[in-house]
Protein chains: 2
Amino acid sequence: MKRPTMADIAREAGVSKGAVSYALNGRAGVSDETRRRILAIADQLGFRANSAARALAGAQAKVVGLALPRPPATLGVEPFFMELISGLEAELSTRSYALLLQTVPDETGEIGLYRRWWSESRVDGVLVCDLRVHDQRVTILRELGLPAVVIGPPSSAGGLASIWSDDQISMTEAVEYLVALGHRRIARVGGIPRLAHTAIRTRAFGEACERLGITEATTVSTDYTGENGAQVTRALLCRQARPTALVYDNDIMAIAGLGVAHELGLRVPADLSIVAWDDSPLCRLVGPPLTALSRDISAHGVQAARMLLSAMEGSPVEDVHDEPAHLSPRGSTAPPPQGSRP
Amino acid sequence: MKRPTMADIAREAGVSKGAVSYALNGRAGVSDETRRRILAIADQLGFRANSAARALAGAQAKVVGLALPRPPATLGVEPFFMELISGLEAELSTRSYALLLQTVPDETGEIGLYRRWWSESRVDGVLVCDLRVHDQRVTILRELGLPAVVIGPPSSAGGLASIWSDDQISMTEAVEYLVALGHRRIARVGGIPRLAHTAIRTRAFGEACERLGITEATTVSTDYTGENGAQVTRALLCRQARPTALVYDNDIMAIAGLGVAHELGLRVPADLSIVAWDDSPLCRLVGPPLTALSRDISAHGVQAARMLLSAMEGSPVEDVHDEPAHLSPRGSTAPPPQGSRP
DNA sequence: CTGAAAGCGCTTACAG
DNA sequence: CTGAAAGCGCTTACAG
């Protein structure tokens with residue numbers, strides 16, 4: 001099959017290629033009648049602008065890039081990214097933008113990828129996630145002048161537009177709820193420490209516990225995998241005075257924690273309360289369903305895509321403070337067992 | 001920042017742009033010494049070929065497309081796709097190919113997407129998944145002449161190269177195992193009926209049960225979501241003579257089924273055995289860990305990407321029959337309760 | 001082995 | 001409002 005080009009349309013309509021371009025892109029330069037005729041012919045021929053030619057001629061590539069800074073193995077089980085991607089997709093596809101995905105092993109790899117995307121003119125803009133406290137990526141992106149939106153706290157976004165939800169509020173809500181239930185020994189199975197949002201959560205957890213007089217509050221770090229979450233949970237539950245409540249930084253580890261409780265013969269929530277973060281449908285499927293800090297990640301993605309699209313158009317973009325995750329109490333939280341109450 | 005172009009290299013090296021192109025692409029036409037000099041300069045300048053220009057000049061776009069034929073909401077929880085994607089990525093990225101992702105609402109939308117990708121010259125080839133029994137997509141792809149590899153049974157691939165694993169073997173293995181344990185009332189919570197591999201599994205399940213004299217064998221269809229899996233499980237377990245073993249077409253539904261058993265006060269595996277299909281790490285995390293039909297989906301993706309890459313080079317590509325999923329017995333299967341044994 | 005030139009299919013100033 | 005032309009940065013026959 002031969003692809004129809006603008007020259008074909010121009011010939012058919014008896015106008016110049018330039019006129020076709022103006023008509024197709026809805027710009028001034030052609031009369032309404034000519035425009036209509038051109039559009040009709042384009043439609044009839046099933047014309048689609050060649051994206052390479054368009055990009056080369058200085059227009060946009062109509063592609064947005066997303067580097068996934070996690071090892072492929074982790075990605076498969078982490079519902080967060082897929083939910084984010086479906087949100088991004090939902091917005092991008094209505095505007096005929098494609099999403100270019102690539103996994104990267106580490107920060108250096110990611111920076112290399114941005115440089116490559118930039119020098120190949122492959123993408124019009126990028127979304128950055130998993131912000132670190134001092135993140136080099138934002139510096140590079142500003143240097144390259146590649147439009148970018150950060151999915152993470154503005155405090156680490158280095159001046160790039162950012163969209164985030166305030167994890168401090170959510171963490172405080174979770175701790176207050178557990179304390180209200182009567183828990184005094186609370187531990188947190190935290191995420192990767194160098195990530196900016198992990199740092200925020202860790203601080204919030206510590207502060208909330210201190211304020212409420214919880215002295216036995218621990219945070220243990222993990223790599224977010226279920227295996228690691230299980231391992232840490234096992235260690236915590238085998239302690240002399242084991243915690244009566246656990247707060248997890250993602251849902252996969254919370255589910256793993258539930259499995260470990262089961263393995264140790266502890267009843268959830270009678271012997272142990274569990275709170276998950278990032279409420280994927282999984283949390284509602286397990287028995288008992290997990291109390292979780294939930295927010296609409298997909299909507300977060302839609303919003304992030306919108307911001308990037310405006311940034312790419314050159315409009316000034318405000319930071320967006322999305323709704324924080326709120327606690328959805330379900331079957332995995334209850335007052336602590338009698339013996340451990342104050 | 002200004003991107004270095006081949007003209008810059010040519011000027012620096014004192015040769016023509018053509019010579020630079022030959023040198024960079026490892027083709028004949030330049031002496032070894034000139035080639036080395038050109039490569040050194042390119043490297044020093046941080047040169048990267050502009051992908052749009054390259055695609056326009058008739059070379060490849062270096063992009064592979066994957067349409068995701070599931071509603072965004074389902075994607076988030078389905079580990080299968082993310083595992084497949086990480087496999088594809090692993091292979092594509094080493095060859096400097098990018099993966100273009102787009103969700104599509106249905107078959108018509110997917111066909112439209114292929115036409116668009118084709119007419120925009122956006123991708124060099126595509127991967128097709130979730131094959132239907134009579135799948136229109138393969139016909140269209142052949143018409144367009146877009147290189148494609150089907151991830152699914154060759155029986156529905158309509159002549160396109162395909163990679164698949166034989167679900168009949170796996171299903172038979174699962175049924176034989178359950179029967180050997182003593183189960184006589186086995187039900188299957190199946191996937192979307194119009195998918196080719198679902199049909200294969202349904203037939204295999206029926207045949208295996210019949211051959212082993214299991215008369216009470218039912219398959220119930222679902223849409224693969226956890227919610228639907230839970231609902232179907234609830235209905236099955238509330239029957240007069242409830243099944244003592246359930247086989248699920250994906251792991252999410254198996255986990256949902258475990259939740260329902262918990263909710264109904266049934267012990268797994270003492271009262272009910274559960275077998276999951278597609279053994280994501282989740283299966284090992286829940287309590288009890290799920291017996292599952294496991295295979296390396298990520299490796300499947302690597303292989304699929306390799307096949308597509310050769311197809312795009314014009315090499316003839318053989319269908320690949322990947323290793324079938326094999327049973328990994330874990331804590332969710334055991335002999336049926338006393339009363340229900342023959 | 002090397003160079004000069006045409007062309008891929010668009011967009012966008014620049015004249016009329 | 002419209003047309004003719006240059007140019008984006010590559011690749012690839014075609015001469016030398």
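This is a predicted model, so every value here is computed, not measured.
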Could you pull out the closest heavy-atom pair between S156(B) and A196(B), with the gap in Å?
OG-CB, 3.5 Å

Shortest non-hydrogen separation from Q102(B) to Y97(A) and the atoms involved
OE1-O, 4.2 Å

Output the pairing pattern of DNA chain C as a dot-bracket string, 5' first, Watson-Crick or G-U wobble with both distances under 3.5 Å, | for cross-strand pairs, [ ] for crossing pairs.
|||.||||||||.|||

What string of B, S and - do you get for nucleotides 10-16 of chain D 5' to 3' if you count protein non-hydrogen atoms under 4.0 Å?
BBBB---

For S96(A), which residues count as a side-chain contact (heavy atoms from CB on, under 4.5 Å) partner, sequence neighbours excluded?
none

Listing request: all side-chain hydrogen bond (donor to acceptor under 3.5 Å, both in side chains) pairs with a residue in residues 122-136 of chain A, at least two apart in sequence or in separate chains.
R70(A)-D130(A), E107(A)-R132(A), E120(A)-R122(A), D135(A)-R137(A)

Atom-pair distance (CG on D32(B); C1' on dT2(C)), nearest Å:
14 Å

Thinking salt bridges, do E313(A) and R95(A) make one under a 4.0 Å N-O criterion?
yes

Who passes ring pair (Phe, Tyr, Trp, His ring centres under 6.0 Å) against W117(A), sequence neighbours left out?
none

Heavy atoms only, 4.0 Å cut-off, all strands: where does T34(A) land among base, sugar-phosphate and nothing?
sugar-phosphate

Taking distance alone, no hydrogens or angles, what donor-acceptor pairs closer than 3.5 Å link side-chain atoms of residues 18-29 of chain B to residues at least two apart or in another chain?
residue: S21(B); atom: OG; partner: N25(B); partner atom: ND2; Å: 3.4
residue: N25(B); atom: ND2; partner: S21(B); partner atom: O; Å: 3.0

Identify the residue among V317(B), L88(B), V149(B) that makes a side-chain contact (heavy atoms from CB on, under 4.5 Å) with L308(B).
V149(B)

